[in-house]
Amino acid sequence: MKNLWKVSGAVALGLVAAVATSAPSYAVIGGAPPAPGAYPSYFGAVTAFYDNGTAKCGGSLIAADVILTAAHCVHGSSGARVVIGAGDNLAFGFTEHPLYDGDTSDGHDLALIYLAPGATGTVTPIQAGAPWDAGAYFANTPATIMGKGVTSTDGAPNAQLLLAQTTLRSDSDMSDLFDPWWGFDHWNEPLMIGAGTSAHTVCNGDSGGPLVVDRGHPVQVGVASFAHVSFFGTECDDAAGFAELANAQLAWLAQTVPSIVPGWGSCLSPTGSPGTPHALYGTTSFPGAKQDGNRWWSIWCEGAPATVKVPDLRGESVTEAKDDLAALGLHVGGVGLAVDNSCELINLVMAQSPAPGTVVSPGSGVNLTVGKRPKNPCP
């Protein structure tokens with residue numbers, strides 16, 4: 001079938017049925033039926049339209065009415081639709097990652113499908129990525145793969161969604177698997193994450209489906225992209241490659257769908273204070289940006305501006321006031337004089353501005369008013 005892509009040990013998962021006018025949905029290798037209601041954010045009936053037929057893939061709801069799938073599922077298609085319950089929803093449109101070049105081994109195999117407002121109803125989106133939780137991506141972390149792809153390379157149709165429990169694989173494992181000899185370069189570590197075994201893996205028809213880890217709640221860390229093909233031609237016989245939802249690819253996703261960012265949870269700024277997550281991905285460089293092809297990106301946690309309370313300096317000498325302010329990162333802004341008719345604060349701070357307790361930024365100045373002797377002699 002001409003839309004099944006094979007590249008020296010890798011095969012894209014979603015387009016086995018692309019030349020058929022209709023295609024059955026099958027199920028993931030080594031899987032079992034999920035508990036009722038499990039993974040409602042999974043959508044296994046994403047259909048892309050081509051001149052010569054259709055392609056069936058999976059996808060996941062990452063924001064209201066936004067489905068995340070693999071770019072190769074929709075690349076070159078004229079449109080897409082998603083079946084939700086009994087409804088068949090024609091997509092308003094879709095967006096591929098701008099650096100996807102049609103070759104899954106080059107990475108960036110991500111796409112977004114947009115549905116009509118309210119199409120996904122009350123389904124709760126899955127958390128997409130976990131930039132503050134490195135453990136979500138560690139090798140040997142338990143993971144769940146899911147889909148309606150074939151249960152073996154020559155498997156019979158099975159319309160039921162199946163899940164398989166497996167683990168994440170290390171980049172070195174995946175590089176050994178997909179780049180067994182010098183000159184092979186099919187495993188792109190910054191853009192890919194591996195999962196599965198020969199007994200539990202994804203296969204044809206599973207493209208676009210989520211790779212999920214449990215971090216107290218489901219977190220999607222990858223999108224099914226390509227399967228392993230042995231040199232004997234056996235497909236889906238080992239761990240598979242997923243587009244990783246981390247770093248540059250996650251920054252693109254967050255830039256395109258900003259509503260996923262709050263789902264990442266709280267973060268700590270470089271100063272250790274609670275902060276707010278941010279992500280940028282674009283064609284123009286900016287301070288602190290990293291490069292992804294001809295794009296620039298960053299994900300960071302920005303803390304609230306540092307503040308300090310102005311101390312009460314009244315009754316202190318100017319020297320004492322300078323020392324107290326310096327200890328808080330402040331300084332004396334100016335010093336004025338005023339007659340101290342009480343004769344109790346001569347050469348001492350009578351007043352200050354800002355007032356004691358005022359919240360200011362570090363580096364701010366505090367103006368002092370120092371008492372001087374009155375014309376009449378003090379008692």
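Note: hydrogens, waters and symmetry copies are ignored here, and every other heavy atom, side chains too, is used.
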Return the minimal non-hydrogen interatomic distance between [X] and [Y], and the atom names on each side.
X: Y281; Y: D292; value: OH-OD2, 2.7 Å
X: A240; Y: A227; value: CB-CA, 4.3 Å
X: Y100; Y: G107; value: CD1-O, 3.7 Å
X: S259; Y: P262; value: O-CD, 3.4 Å
X: T69; Y: G208; value: OG1-CA, 3.4 Å
X: L245; Y: G222; value: CG-N, 4.0 Å

- Evaluate the criterion side-chain contact (heavy atoms from CB on, under 4.5 Å) for residue pair V66 and T256; output intermediate values, then yes/no. CA-CA 11 Å; V66 181; T256 311; over 6 Å; no

- Message: Does either side chain, that of D237 or that of S198, offer a donor lying less than 3.5 Å from an acceptor on the other one?
- Response: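 Their side chains do not contain a donor-acceptor pair, so the 3.5 Å distance test is not met.
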
- Message: Hydrogens and angles aside, do S317 and T319 bring a side-chain donor and acceptor to less than 3.5 Å of each other?
- Response: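 Not at all, the side chains of S317 and T319 share no donor-acceptor pair under 3.5 Å.
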
Same apolar cluster: [X] and [Y], side chain cutoff 4.5 Å:
X: F138; Y: V213; value: no
X: V332; Y: V366; value: yes
X: I346; Y: V370; value: no
X: L337; Y: M350; value: no
X: W296; Y: V261; value: no

Determine whether [X] and [Y] make a side-chain contact, defined as any pair of heavy atoms from C-beta on separated by less than 4.5 Å.
X: S77; Y: F94; result: yes
X: L250; Y: W297; result: no
X: P142; Y: Q165; result: no
X: L68; Y: L112; result: yes
X: P354; Y: V360; result: yes
X: F178; Y: N188; result: no
X: L280; Y: W300; result: yes
X: D238; Y: T201; result: no

Looking at [X] and [Y], would you say the former's side chain and the latter's main chain have a donor-acceptor pair under 3.5 Å?
X: D65; Y: L115; result: no
X: D340; Y: E344; result: yes
X: D206; Y: C203; result: yes
X: Q249; Y: A251; result: no
X: R314; Y: Q352; result: no
X: Y137; Y: A130; result: yes
X: S269; Y: S273; result: yes

- Please report the C-alpha distance between D109 and V223 in whole Å, then the side-chain angles of each, then the deciding distance to 0.1 Å, and finally whether the side-chain contact (heavy atoms from CB on, under 4.5 Å) criterion is met. CA-CA 8 Å; D109 189 11; V223 174; over 6 Å; no

Drop me the distance from [X]'s [atom1] to [Y]'s [atom2], to the nearest 0.5 angstrom.
X: E189; Y: S172; atom1: CD; atom2: OG; answer: 8.0 Å
X: D173; Y: T197; atom1: CG; atom2: OG1; answer: 12.0 Å
X: K372; Y: N347; atom1: NZ; atom2: CG; answer: 11.5 Å
X: I260; Y: L253; atom1: CD1; atom2: CG; answer: 4.0 Å
X: R373; Y: N341; atom1: CZ; atom2: CG; answer: 13.0 Å
X: C73; Y: I67; atom1: SG; atom2: CD1; answer: 12.5 Å

- Query: How are the rings of F226 and W187 set relative to one another: parallel (under 30°), tilted (30 to 60°) or perpendicular (over 60°)?
  - Reply: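 If you compare the ring of F226 with that of W187, the planes turn out perpendicular.
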
- Query: When the ring planes of W252 and H97 are compared, do they come out parallel, tilted or perpendicular, using 30° and 60° as the limits?
  - Reply: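 W252 vs H97 ring planes: tilted.
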
- Query: Can you name the one residue among H108, H72, H75 that meets side chain to side chain donor-acceptor pair (under 3.5 Å) with E96?
  - Reply: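 The single option meeting the side chain to side chain donor-acceptor pair (under 3.5 Å) with E96 is H75.
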
- Message: Run I145 and L211 through side-chain contact (heavy atoms from CB on, under 4.5 Å) and show every step you take.
- Response: CA-CA 5 Å; I145 54 177; L211 172 63; 3.8 Å; yes

- Message: S364 and side chain to side chain contact (heavy atoms under 4.5 Å, CB included): which single residue from L330, T358, V359 fits?
- Response: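 For S364, the side chain to side chain contact (heavy atoms under 4.5 Å, CB included) check succeeds only for L330.
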
- Return yes when atom CZ of R215 has more than 12 non-hydrogen atoms of other residues, nucleotides or ligands closer than 6.0 Å, and no otherwise.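 It does: R215 CZ has more than 12 such atoms within range.
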
- Task: Starting from the C-alpha separation in whole Å, work towards a yes-or-no answer on side-chain contact (heavy atoms from CB on, under 4.5 Å) for L163 and M146.
- Result: CA-CA 4 Å; L163 312 181; M146 61 192 72; 3.2 Å; yes

